[in-house]
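One structure is given here, and the rest of the page talks about it.
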Amino acid sequence: MVTQLTAAFWDVHAIVAHALEATPESVRETVEAHHAIVTAAAAGDVAAFTRAIAAHYAPIQRRLQEEPGRREPAVDA
């Protein structure tokens, strides 16, 4: 299930990646967030894992709230 969920996230990322306007800082933050997620999961620390996941998605949530009228990228069917 984890593999399928990860694949789904990568599929979505591939669709919207061009609109994310990545910067060196945002890439560093993403790497740090992924490291925190993996570290918490490996330690079996559910609370730290939950915090790490929330922290990882916080920038996306902020961006969505800042740009409510932004058009979503077209998806080829």
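The basis for the numbers below is simple: all heavy atoms, side chains too, and nothing from hydrogens, waters or symmetry mates. What you see is a predicted model, and the numbers here were worked out from it, not measured in a lab.
Taking Glu29 as the reference, nothing meets the salt bridge (charged side-chain N to carboxylate O under 4.0 Å, His left out) condition, with sequence neighbours excluded. His35 is linked by a ring-ring contact (aromatic ring centres under 6.0 Å, His included) to nothing, counting only residues two or more places apart in sequence or in another chain. Every residue meeting the side-chain contact (heavy atoms from CB on, under 4.5 Å) condition with Thr50, not counting sequence neighbours, appears here in chain and number order: Val46.
Residue Phe49 comes nearest to Ala40 through the heavy atom pair N-CB, 3.3 Å, listed as atom of the first residue, atom of the second, then distance.
Of the inter-residue distances, the one linking Thr6 atom OG1 with Met1 atom CE reads 10.5 Å to the nearest 0.5 angstrom.
The aromatic rings of Phe9 and Tyr57 lie tilted to each other, with the angle between the two planes from 30° to 60°.
Proximity of Thr23 to Arg28: side-chain heavy atoms (C-beta onward) are nowhere separated by under 4.5 Å.
Hydrophobic clustering keeps Val2 apart from Ile37 (ILVMFWY residues linked when any side-chain heavy atoms are closer than 4.5 Å, directly or through intermediates).
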